[in-house]
> 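Okay, here's the structure, questions in a sec.
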Amino acid sequence: MSHNKVRVRFAPSPTGGLHLGGVRTVLFNYLFARQHDGEFILRIEDTDQTRFVPGAEEYIVECLRWCGLEPDESPLQGGPYGPYRQSERKPLYRQYAEQLVAAGNAYYAFDTPEELEAMREVERARGNHSPQYNHAVRSTMRNSLNMEAAEVKELLGKGAPHVIRIKMPTNEEVTFTDMIRGDVTFQTNIVDDKVLLKADGMPTYHLAVVVDDYLMKISHAFRGEEWLPSAPVHILLWKYLGWGNEMPQWAHLPLILKPDGNGKLSKRDGDRLGFPVYAMNWQDPATGDLTNGFRENGFLPEAFINMLAMLGWNDGSGQEIFTMDELIRKFSISRVHKGGAKFDYDKAKWFNHQWIQRTGNERLAQLFLPVLESKGVVAEPAYVEKIAGLVKERCQFVNEIWDHGFFFFVRPEKYDLDAVKPRWNADKQAFFGEWQAALLNQEDFSAAALEEGFKALAATRGIKPGELQLPFRIMLCGGKFGPPVFDIAATIGRNETADRIALALDLLK
RNA sequence: GCCGCGUUGGUCAAGCGGUUAAGACGCCUCCCUUUCACGGAGGAAUGACGGGUUCGAUUCCCGUACGCGGUACCA
């Protein structure tokens, strides 16, 4: 439609942790921008000073960084259309609201909260379920539509508290084309006269999005489905402000739903069901409450992003594993689902498993280091890397390298002797005594050589090697888990292997 | 209540008027492995309902039901 540069934005309000759905909105914006060689802007919508939470903006920025969804313009890095924090743009908005008043598309309203509540009471008494300040009641309220110009001027002159409201037209239809949903039509009669400029001089979301999207030359506006009902207000504002030809194309993204029941996925659902909902850990500065994040739960950003992309979008080919580059190439907004998707934590874990397999041992080791540290273990990076390679196929999370490979770092504290004892006998006891002695002279300590020696020795004693492998494993790991036994022996080394055999033999006597 | 948006297996979903209705997660069985996994082979399981339109509807249209979202000087 326009040959202008693609410019999209993510515009969160800094009120707390960054939700899954929020990250997905960012992702779709980001993919679209990159695909079209456009720009992705982070704008902070902090017009509600009562809801401002310190640290939330920094947190959002850090989330985007972790996800690899870095903006081209933001409060932090600036850009040609700054400032990027709406609170810092406050002086900008009033003139546009005034412009709308002058054109007859908005008006001053002096109603106090008490008067508004009184109006709602009356309406409710009449059976009106959701009383609105709209075409039907505005003539009964204290606003510039019903007052003498002089009176308005006087009130304004002495600084009487007031808001500016949009004057919704009556009996009109507003239609726009949503890139996901197609044409959507609203009757203007059913939408109320939304406040555009608050008494404190701050714009509401409705005015701010339109003005900022215009000033920042936003070409495509993707946001959550919860915004669909207010779209007609925004469309009208674009028109009334005289910018109709530059209005962005809209797309309202489907919601991410809770796994059980219905409804939007909330932080509470995560707490209740035991999975994260926020991208990263979030600590509420007021209450000190800590909410779990995907990052701290051991998710790789690649997996997190991949999983999110597939929640509501697919390329039609059946492919499920995508790198960011592939997503950028293949993403298409028209293939985004209309219906909401229930979040499935099992599937999320599967994505993480897939990505762990695709991640190099060096990086896995690096990510695992803090876990090791927390266990009080110090190890050579090269050794940790090797272990990562040995156990990663059975890990869904990086920290599970410990669960599946702790015995590479420390001796088992307990042994699953029940798995061995029932079939334990003097022959086996003797075999392991001999095996332990043999290890000390084993020249080649590779897994293959160990296996060969083990089997040869078993043969001379007339015991099936299979009968001996499980006991050997228990001696080294303590239980029935872990990579192939001979790999373990080769990795922990001659002395450690011999020591562990001796230790276990004592217990089995 | 009103307005809007949705509705293919338990979940994510492909499909775009004619198909044995893909695939993935999860679940079950078997194989591999005398550990745990990975991997491989199978299996159970799906078109909300009712009307049209059509030679033929999962697919198009209209209702109904259900769900969700919105209905603030919050975003």
> Taking the six-membered ring for Trp and the single ring otherwise, decide whether the centroids of A:Trp402 and A:Phe397 are under 6.0 Å apart.
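Judged by ring-centre distance (under 6.0 Å), A:Trp402 and A:Phe397 do not meet the cut-off.
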> Which part of the nucleic acid, if any, lies within reach of A:Arg223 when heavy atoms closer than 4.0 Å are counted: base, sugar-phosphate only, or nothing?
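Since no nucleic acid heavy atom lies under 4.0 Å of A:Arg223, the category is nothing.
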> Picking from B:C38, B:C73, B:U11, which would you name as closest to the side chain of A:Asp344?
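Nearest to the side-chain atoms of A:Asp344, counting from C-beta on, is B:U11.
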> Report the nucleotide, chosen from B:U34, B:C73, B:A75, that has the shortest atom-to-atom distance to any side-chain atom of A:Arg120.
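Nearest to the side chain of A:Arg120 among the choices is B:C73.
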> Write down the distance between CG (A:Asp315) and P (B:C16), rounded to a whole number of angstrom.
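So the CG-P distance, A:Asp315 to B:C16, works out to 15 Å.
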> Could you tell me how far B:A22 sits from B:U46 if I compare only their C1' atoms? Round to whole Å.
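Taking atom C1' in both B:U46 and B:A22, they lie 13 Å apart.
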> What's A:Ala341 touching, base or sugar-phosphate or nothing? Going by heavy atoms closer than 4.0 Å.
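Result for A:Ala341 = sugar-phosphate.
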> Rounding to an integer number of Å, can you tell me how far A:Asn128 CG sits from B:C3 P?
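The distance from CG of A:Asn128 to P of B:C3 comes to 13 Å, rounded to the nearest Å.
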> Between atom NZ in A:Lys338 and atom P in B:G4, what is the gap in whole Å?
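In whole Å, B:G4 P and A:Lys338 NZ are 17 Å from each other.
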> Looking at B:C73, B:G6, B:G1, which one has an atom nearest to any side-chain atom of A:Arg181?
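Of B:C73, B:G6, B:G1, B:G6 is nearest to the side chain of A:Arg181.
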> Measuring only the C1' atom in each nucleotide, how far is B:A48 from B:C30? A whole number of Å is fine.
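Looking at atom C1' only, B:A48 and B:C30 are 37 Å apart.
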> Write down the distance separating the P atoms in B:U19 and B:U35, rounded off to the nearest Å.
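Their P atoms lie roughly 47 Å apart.
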> Hey, does the side-chain of A:Lys347 have a donor or acceptor N/O within less than 3.5 Å of a partner on the base of B:A24?
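Present.
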> Centre-to-centre under 6.0 Å for A:Phe176 and A:His234, is that the case here?
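For A:Phe176 and A:His234, the ring centres are not under 6.0 Å apart.
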> May I ask you to check whether A:Trp250 and A:Phe222 place their ring centres under 6.0 Å from each other?
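Distance test on ring centres: not under 6.0 Å, no.
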> Closer than 4.0 Å, any side-chain N/O of A:Arg473 to the OP1 or OP2 of B:U33?
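No, outside the criterion.
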> Counting side-chain heavy atoms from C-beta on, which of B:U35, B:C5, B:U71 comes nearest to A:Lys194?
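Closest nucleotide to the A:Lys194 side chain: B:U71.
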> Considering every strand and a 4.0 Å limit on heavy-atom distances, what is the contact class for A:Gly339: base, sugar-phosphate, or nothing?
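Sugar-phosphate: the residue A:Gly339, judged by heavy atoms under 4.0 Å, touches backbone atoms but no base.
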> Give one of base, sugar-phosphate or nothing for A:Lys464, where a contact means two heavy atoms less than 4.0 Å apart.
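Base, at least one base atom sits under 4.0 Å.
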> Whether A:Lys198 contacts B:A75 is assessed here as follows: a side-chain N or O lying under 4.0 Å from the phosphate OP1 or OP2. Is that the case?
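It does, given that an N or O in the side chain of A:Lys198 lies less than 4.0 Å from OP1 or OP2 of B:A75.
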> Under 4.0 Å, heavy atoms only, any strand: does A:Thr15 hit a base, just the sugar-phosphate, or nothing?
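Here A:Thr15 touches no strand at all.
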> Quick one: A:His252 NE2 to B:C5 P, roughly how many Å, whole number?
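Distance, rounded to whole Å: 12 Å.
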> Any side-chain N or O of A:Arg51 under 4.0 Å from OP1/OP2 of B:A75?
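Negative; the distance criterion is not met.
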> Between C1' on B:G70 and CD on A:Glu226, what's the gap in Å once rounded to a whole number?
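Distance check: A:Glu226 CD to B:G70 C1' gives 10 Å.
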> With heavy atoms under 4.0 Å as the rule, sort A:Glu45 into base, sugar-phosphate or nothing.
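A:Glu45: backbone/sugar contact only, no base atoms under 4.0 Å.
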> Are A:Lys347 and A:Glu320 ion-paired here, with the side-chain N under 4.0 Å from a carboxylate O?
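Here A:Lys347 pairs with A:Glu320 in a salt bridge, since their nearest N and O are under 4.0 Å apart.
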> The side chain of A:Arg335 is closest to which nucleotide in this list: B:G15, B:G23, B:U71?
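Given the options B:G15, B:G23, B:U71, the side chain of A:Arg335 is closest to B:G15.
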> According to a strict under-4.0 Å criterion, is A:His337 in side-chain N/O contact with OP1 or OP2 of B:A14?
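Yes, A:His337 has a side-chain N/O under 4.0 Å of OP1/OP2 on B:A14.
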> Would you classify A:Pro131 as touching base, sugar-phosphate or nothing, given that sugar-phosphate means primed atoms plus P, OP1 and OP2, and contacts are heavy atoms under 4.0 Å?
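Answer is sugar-phosphate: A:Pro131 comes under 4.0 Å of backbone atoms only.
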> A:Ile488 CD1 to B:U33 C1': how many Å, rounded?
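Those two atoms, CD1 and C1', are 14 Å apart.
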> Any Lys/Arg nitrogen of A:Glu45 or A:Arg43 sitting under 4.0 Å from an Asp/Glu carboxylate oxygen of the other?
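Counted as a salt bridge, because a side-chain N and a carboxylate O are separated by less than 4.0 Å.
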> Taking only side-chain nitrogens and oxygens of A:Asn314, does any of them come within less than 4.0 Å of OP1 or OP2 of B:A13?
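Indeed not, no polar side-chain atom of A:Asn314 lies that close.
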> Starting at atom CD1 of A:Ile321, determine the distance to atom P of B:G23, rounded to an integer number of angstrom.
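In whole Å, B:G23 P and A:Ile321 CD1 are 17 Å from each other.
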> Atom NE2 of A:His129 to atom P of B:G4: distance rounded to whole Å?
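It works out to 17 Å between those atoms.
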> Would you say the ring centroid of A:Phe294 lies under 6.0 angstrom from that of A:Tyr278?
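No; A:Tyr278 has its ring centre 6.0 Å or more from that of A:Phe294.
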> So, under a plain 3.5 Å distance rule, would you say the side chain of A:Ser230 forms a donor-acceptor pair with the base of B:G70?
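In this structure, the two groups form no donor-acceptor pair.
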> Taking atom P in both B:G42 and B:C62, what distance in whole Å separates the two?
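So the two P atoms sit 43 Å from each other.
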> Are A:Phe10 and A:Phe28, when compared by the centres of their aromatic rings, separated by less than 6.0 Å?
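No; A:Phe28 has its ring centre 6.0 Å or more from that of A:Phe10.
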> In whole Å, measure the gap between the P atoms of B:C36 and B:G43 for me.
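26 Å, rounded to whole Å.
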> Rounding to an integer number of angstrom, what distance separates B:C2 and B:U20 when you compare their P atoms?
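About 45 Å, rounded to a whole number of Å.
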> What nucleic acid atoms does A:Gln187 come within less than 4.0 Å of, heavy atoms only: base, sugar-phosphate, or nothing?
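The answer is nothing, as A:Gln187 stays clear of every strand by at least 4.0 Å.
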> When the ring centroid of A:Tyr214 is compared with that of A:Tyr96, is the distance short of 6.0 Å?
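Ring centres of A:Tyr96 and A:Tyr214 not closer than 6.0 Å.
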> At less than 4.0 Å, is any side-chain N or O atom of A:Thr47 found next to OP1 or OP2 of B:A75? Yes or no.
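Yes.
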